[in-house]
Structures are given as C-alpha cells and as structure tokens.
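Atoms within a ligand are numbered from 1 in the order they appear, just like the ligands themselves.
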Amino acid sequence: MRREDYLQWAERAARWGAGYLETLDERPVRAQVAPGEIAAMLPASPPEAPEEMETIFADFERIVPGGMTHWQHPRFFAYFCANAAPVSMIAENLASVMAAQCMLWQTSPAATEIETRMVDWTRQALGLPEGFQGVIQDSATSANLCAVLTMRERALAWRGIESGTAGERQLRVYASPETHSSIDKSIRLAGIGQQHLVKVETDASRALDPRALGRAIAADREAGFLPAGLILCVGGTSVGASDRAREAIEVARREDLYVHVDAAWAGSAMICPELRPLWDGVEKADSIVFNPHKWLGAQFDCSIQFLADPAPQVRTLGLRPDYLETLGQSEITNYSEWTIPLGRRFRALKLWFLLRAHGLEDLRRRIRNHIAWAEEAAAAIEALDDFRLTTPCHLSLFTFQYAPAGEDASEVTERLLQKVNDDGRIYLTQTRHEGRFVIRFQVGQFDCRREDVLMAVEVLRELVDEARR
Ligand SMILES: *Cc1c(COP(=O)(O)O)cnc(C)c1O
C-alpha cells in the first residue's frame with residue numbers, strides 16, 4: 001500500500017468500524033472458536049510478492065472478527081472491562097498516524113505537555129491533593145513493577161542499581177492477600193523473591209489488618225530482614241476487596257516504608273466524590289496507580305501512576321546517556337526516565353479527547369449507573385431459586401454460586417458458567433473464593449444499558465430452567 005492510498009483505506013476501515021460498532025450486540029460476546037481454528041486459516045509462511053489490499057481486507061473480515069471476544073460488547077460482564085469510548089478510538093487513530101516516539105520532551109513536545117496536563121486533570125477528577133505528579137504507563141503491571149523497584153532502591157539507599165542486592169539484608173514487602181498477581185510478579189522480577197512478599201492477615205471484610213502489619217514488620221526486623229514497602233489494594237481483582245488505606249499507611253509511615261496503592265479498576269470510580277471513602281487516606285501514599293483503560297473509557301493502553309514525589313522513582317529508573325541528552329534544555333520532563341521502556345506512545349491524546357467529549361458529569365453518571373445496575377442484578381440473582389451471593393457488591397462487582405440441594409455447588413456452578421459462555425448472549429468469568437468456584441459479575445462496559453444487565457439475569461434463569469427440564 002502506498003502513502004497516497006492512505007485515505008481510501010482509512011475510509012474503508014472507518015466504515016468497517018462503524019458497522020462493527022453498530023452490530024456489536026448481535027455477536028456472541030466470547031469468541032466461539034476452538035484452539036487452532038484461526039491459525040489453520042493462515043498460510044504457514046509469509047508471502048514473497050505483495051498482495052492486494054482488497055485481498056488482505058477481505059481476509060481480515062473473513063477471519064478476524066469471528067475469532068475475537070468482543071470487549072466493547074454491552075453485555076461483557078467478565079474480568080474487568082477494557083473500555084474504549086468511541087472518541088478515544090478516534091484519538092488513537094490520530095496518534096497512530098503521527099506514529100511518534102514520545103520518550104523525551106524533544107521527541108514530541110505536545111505529547112509530553114499534554115500528558116502532564118492530563119495527569120493533573122485526572123488528579124483533580126479523583127480528588128487527590130495538589131502536589132501529586134504522575135506519568136501514563138502502558139499497564140498497572142508496569143506501574144506496580146516501577147513502584148516495587150523504587151521501594152527496593154529507596155530501602156537500599158540506591159546501592160542495588162549500582163552493585164546488586166547480593167551483599168544486602170534481605171528485603172521484605174507487605175501486602176494483603178487480595179492484591180493482584182502482578183504484585184507477585186513485580187516482587188519476583190525485582191529480585192526480592194516471592195517468599196519475601198509477606199501477605200498480611202486480613203479481617204472479616206478482607207482488608208489488611210493494620211495491627212497484623214505492625215506485628216509482621218516488628219518480627220521481620222527482629223529476624224534481621226529489611227522492611228522496604230507496603231502495597232495496598234483498593235478494589236481487588238478477585239472479589240473487589242479494599243484495604244483501609246489510612247490506618248495501614250499510618251503503620252507504614254511509622255516504619256518508614258514506601259507505600260504504593262493499586263487501584264487499577266476502582267480508581268476510575270473515585271471521580272464520584274461519594275465513593276471516595278473507599279480509599280480514605282490515600283493522599284498519604286507515595287504512589288497510586290489506576291487504569292483509565294478499565295472503567296473510565298480511555299482505550300487500552302492507559303494506566304496512570306501518581307507520585308507524591310517523582311524523585312525516588314526517577315533516581316531508580318532514569319538513565320541519560322549522551323545520545324539522549326537534550327542540548328541546551330535542563331528544565332524539561334523526559335517521561336521515559338520515570339518508567340521502564342524508552343519508547344513511549346502518545347497515550348495522553350485519548351484522555352484529552354475523552355475528558356472533553358464526555359465531561360466528568362457524564363463519566364460519573366455512567367459509573368453510578370453501573371453500580372446501581374450491578375446491585376439490582378445481584379439482588380435479582382440472589383432471588384432466583386438455588387442461587388446465592390458469595391460476596392456482596394463492591395462497587396459494581398459481586399460473585400455468586402448456583403447451589404441446588406444435594407449437588408456439589410462448585411461443580412454445577414462451573415458447568416453453568418460454560419453453558420452461559422457457549423450461549424454467547426453474555427460473558428462471565430470465574431474466581432475462587434474461600435476454596436469455592438464462584439462466578440464473577442462485573443458491570444462496567446461504557447455503553448452498557450440497564451436492559452443489558454437485566455438480560456444477564458434472564459439468561460441465567462433460562463439456562464438453569466432448561467437443564468432442570
Ligand atoms: C487489572 C488489574 C491489574 C493489572 O492491570 P494491567 O493494566 O492489565 O497490567 C492490576 N491490579 C489490579 C487491582 C487490577 O484490577
């Protein structure tokens with residue numbers, strides 16, 4: 001394809017996209033293909049000669065959409081959503097045409113300066129105090145790793161990045177068992193070692209117990225370990241549990257630990273002032289991550305890490321070889337020094353479009369609706385024969401089991417889940433809760449309507465009735 005043909009194919013792609021969005025809710029939500037089915041439609045080797053765009057586009061239409069799980073489907077209730085408001089898709093198109101590397105201020109001044117402003121807009125939207133700065137990362141996983149590396153180096157007075165950790169006291173990091181697996185991964189990759197991530201006891205509400213945290217730190221100091229950091233969770237991935245940030249951070253401050261808060265999913269809901277008690281005290285944290293690409297509507301990837309003081313993280317991750325110096329400029333921000341990859345996408349553009357096209361009022365309305373409809377669905381499911389809630393609604397996430405008398409509830413729940421996803425009208429996924437197989441139900445798709453949520457209850461009722469007959 002030649003540069004001159006861009007317009008023709010961009011128009012074609014846009015028309016395809018419009019048709020896709022229009023008919024999305026007629027498709028089965030979860031891909032209905034078997035493993036290997038798509039691969040079998042592709043030639044084993046690349047072509048030597050150019051192919052016509054017509055052929056390529058036709059193959060795309062024939063092979064790809066039917067092999068996708070449709071994440072923008074209004075009846076997507078699985079995992080957490082990866083929302084892409086249509087306006088953010090448009091911004092991504094524009095960013096992809098400029099195809100810039102936004103690693104240094106000089107390599108894309110607009111990208112850097114819009115990023116700084118968008119981080120500050122979201123800071124205000126979430127009600128965080130002035131002083132927090134931040135950076136847009138690809139994912140919460142990356143932000144979590146950056147935070148763990150920073151707590152490691154801060155505890156070692158930045159000796160680790162120079163001479164390694166071999167001669168140092170063993171580091172310890174504390175977290176609730178409800179934190180995401182990316183925290184475990186970060187601890188492994190940071191060379192701290194899985195067994196030195198201390199999963200602190202939780203109370204009945206699944207929040208980390210601050211007194212147990214204090215005891216764990218004291219015991220570790222006694223044993224010669226070096227406590228380095230605390231990782232809190234607001235809106236855990238499995239069942240939505242949250243730590244009580246204020247009390248836990250007080251303990252961490254007394255013990256001079258670096259504190260990172262993972263609010264990847266729930267953070268977006270903090271644009272609603274009435275929901276902020278959920279993370280009360282969070283303004284005392286050193287680092288906070290949330291994913292506008294989950295619940296806010298900014299297309300993946302878009303994960304914002306707020307930092308009370310960027311200096312420790314930049315000291316940990318920043319490297320400026322001669323060939324990356326910006327001659328004659330010292331007072332500029334080079335965001336690649338805040339994160340792991342050098343190359344960076346222009347992620348701020350979609351936030352700029354999104355926040356302006358919807359305004360906070362509309363974004364709040366959507367989140368409030370999702371929560372209200374999730375509560376309605378939870379009550380309706382609980383009222384169905386033989387269904388029980390296993391965890392209550394935390395924001396818009398709850399879990400349930402199907403438990404007819406005399407049967408193994410985990411087994412029948414798993415069978416029901418498979419039936420639901422083969423049916424295709426809705427998509428749900430599972431987790432384990434207190435050793436039991438439970439179904440997670442999360443409402444959060446950007447354009448989801450109340451009737452979409454209520455249809456989920458109908459589908460459950462129907463499939464169970466069918467099996468009884
Ligand atoms: C989704 C999620 C993550 C991982 O997010 P990515 O951006 O996909 O890396 C981490 N923590 C929590 C609490 C999450 O919900």
What are the atoms of ligand 1, with element, lying closer than 4.0 Å to any heavy atom of [X]?
X    : value
F80  : 15 (O)
N291 : 5 (O), 6 (P), 7 (O)
D262 : 10 (C), 11 (N), 12 (C), 13 (C)
S182 : 10 (C)
H293 : 7 (O)
T237 : 12 (C), 13 (C), 14 (C), 15 (O)

ask   = What residue among R27, Q72, H70 forms side chain to side chain donor-acceptor pair (under 3.5 Å) with Y20?
value =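 Passing option: H70.
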
Electrostatic pair [X]:[Y] at N-O distance under 4.0 angstrom:
X    : Y    : result
R154 : D286 : no
D25  : R449 : yes
D243 : R206 : no
E201 : R211 : no

ask   = So is there a nitrogen or oxygen of D138 less than 3.5 Å from a nitrogen or oxygen in ligand 1?
value = no

inquiry  = Between ligand 1 and K294, is the shortest N or O to N or O distance under 3.5 Å?
reply    = yes

note = The single option from Q124, E283, K284 that satisfies side-chain contact (heavy atoms from CB on, under 4.5 Å) with P129 is E283

inquiry  = Could you work out, for atom 4 (C) of ligand 1, the closest of Q137, H180, K185, E178 by heavy-atom distance?
reply    =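 Answer by nearest heavy atom: H180.
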
May I ask you to identify the nearest protein heavy atom to [atom], giving residue, atom name and distance to one decimal place in Å?
atom                   : result
atom 7 (O) of ligand 1 : A140 N, 2.8 Å
atom 8 (O) of ligand 1 : S139 CB, 4.4 Å
atom 9 (O) of ligand 1 : T141 OG1, 2.5 Å

task = Go through the side-chain N and O atoms of T399 and T390 and say whether any donor and acceptor fall under 3.5 Å apart.
result =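 Result is yes, a qualifying pair exists.
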
inquiry  = Determine whether S287 and H260 satisfy the following criterion, side-chain hydrogen bond (donor to acceptor under 3.5 Å, both in side chains), listing intermediate values before the conclusion.
reply    = CA-CA 5 Å; S287 163; H260 172 64; 2.7 Å; yes

